[in-house]
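To keep things clear, I will list the structure first and then write my remarks on it.
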Amino acid sequence: MNDIKIYALSTCIHCRNAKKYLDECGVKYECVHVDELSGDDRKQIVQEIKDHNPAVSFPTIVIKNTVVVGYHKDKIDAALKGE
Amino acid sequence: MDAKQLYKMLKKVQEPKGYYFNKDMDMTMPLLESLLTNKDRFGYMACPCRLANGDFEADKDIVCPCTYREEDIKEYGACFCALYVSKEYNDGTIEKAVVPERRPPEKIIF
């Protein structure tokens, strides 16, 4: 199982940039495009995001035990290093 | 309509009001394309960086330009998705920050 998960929107530029950065870092991650979900799947994922980030904003990136809200390169770097 | 046409059309209306397009075209053009994607999807240009409900009444606050733009630009120099920015933001005289979400999560209902 991946220990990096990104909750994103397919139309969001910050999400796109964050994924590009994770790609550049050479890490594997699981990506959920929440805007492409519907019904119970969507409800369940929104609740999951709420648990990590009560504002339910995008991208919400979960790296091991750290949650990075928004595209913050420095916070992503720190979380990847396990700081 | 394509993103270039949308750019021209909105620029004329928004710039005189003090809202400028982000001069970083790698941000602006994909965002305008996403606005058009949302127009196809929902019938209105919902903010591309927010989870839309898909119902106009429920998404009124995030139809671009969203109701949070004014406060965000005042405080951060950019709106949430950074499509619209202040003159100072484009001039580089203010620091670029990640704008936190101002929309209450309760607005996501579907």
Side-chain angles (χ1 to χ4, degrees), chain A residues 5-25 30-63 66-80, chain B residues 3 6 21-42 44-55 58-59 61-64 66 68 72 76 78-85 95-110:
Chain A
K5 190 167 182 176
I6 173 166
Y7 299 93
L9 299 175
S10 64
T11 50
C12 170
I13 190 72
H14 306 303
C15 300
R16 221 175 285 172
N17 287 339
K19 282 190 285 175
K20 200 172 148 205
Y21 187 62
L22 289 173
D23 288 336
E24 282 167 15
C25 292
E30 185 191 339
C31 172
V32 186
H33 279 156
V34 188
D35 57 328
E36 290 172 350
L37 300 176
S38 59
D40 286 346
D41 288 347
R42 176 165 154 143
K43 247 185 233 167
Q44 193 197 319
I45 288 291
V46 168
Q47 188 51 53
E48 213 175 289
I49 299 169
K50 229 172 230 178
D51 294 340
H52 294 299
N53 166 22
V56 196
S57 57
F58 300 91
T60 295
I61 311 165
V62 183
I63 301 174
T66 307
V67 180
V68 179
V69 175
Y71 175 40
H72 290 273
K73 268 189 192 179
D74 50 345
K75 288 185 187 173
I76 293 173
D77 286 342
L80 288 175
Chain B
L6 186 62
F21 278 128
N22 193 330
K23 71 171 183 186
D24 181 352
M25 285 299 152
D26 291 336
M27 293 284 291
T28 297
M29 293 319 281
L31 281 167
L32 289 170
E33 278 159 25
S34 290
L35 281 178
L36 293 171
T37 301
N38 280 350
K39 193 162 191 254
D40 281 346
R41 269 182 178 175
F42 308 122
Y44 50 90
M45 292 195 280
C47 178
C49 296
R50 289 183 164 114
L51 185 60
N53 294 300
D55 174 275
D59 287 334
D61 60 320
I62 56 163
V63 174
C64 186
C66 69
Y68 310 100
D72 280 342
Y76 302 100
C79 69
F80 181 67
C81 69
L83 175 65
Y84 288 110
V85 301
E95 209 178 314
K96 289 176 185 172
V98 173
V99 179
E101 176 60 299
R102 205 181 279 275
R103 186 190 205 206
E106 296 75 39
K107 294 267 188 184
I108 299 172
I109 51 174
F110 297 116

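Treat the numbers as computed from the prediction; the structure is a model and nothing was measured.
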Under 4.5 Å from any heavy atom of chain B, what part of [X] do you find: side chain, backbone, both or neither?
X      : answer
L9(A)  : side chain
N17(A) : side chain
S10(A) : side chain
P59(A) : neither
Y71(A) : backbone

Please look at [X] and chain A and tell me whether the side chain, the backbone, both or neither of the residue comes under 4.5 angstrom of a heavy atom of that chain.
X       : answer
I108(B) : side chain
D26(B)  : backbone
A82(B)  : both
R102(B) : neither

Look at the side chain of N53(B) and the backbone N and O of D59(B), then say whether any donor-acceptor pair between them is shorter than 3.5 Å. no
Can you name the nearest heavy-atom pair linking [X] to [Y], along with the distance?
X      : Y       : answer
F58(A) : C15(A)  : CB-SG, 3.7 Å
A18(A) : I6(A)   : CB-CD1, 4.1 Å
V68(A) : I76(A)  : CG1-CG1, 4.2 Å
A58(B) : F110(B) : CB-CE1, 4.1 Å

Counting heavy-atom pairs closer than 4.5 Å to chain A, which one of P105(B), P100(B), P48(B), G54(B) comes out on top? P48(B)
Residues E24(A) and K73(A) bridged, charged N to O under 4.0 Å: no
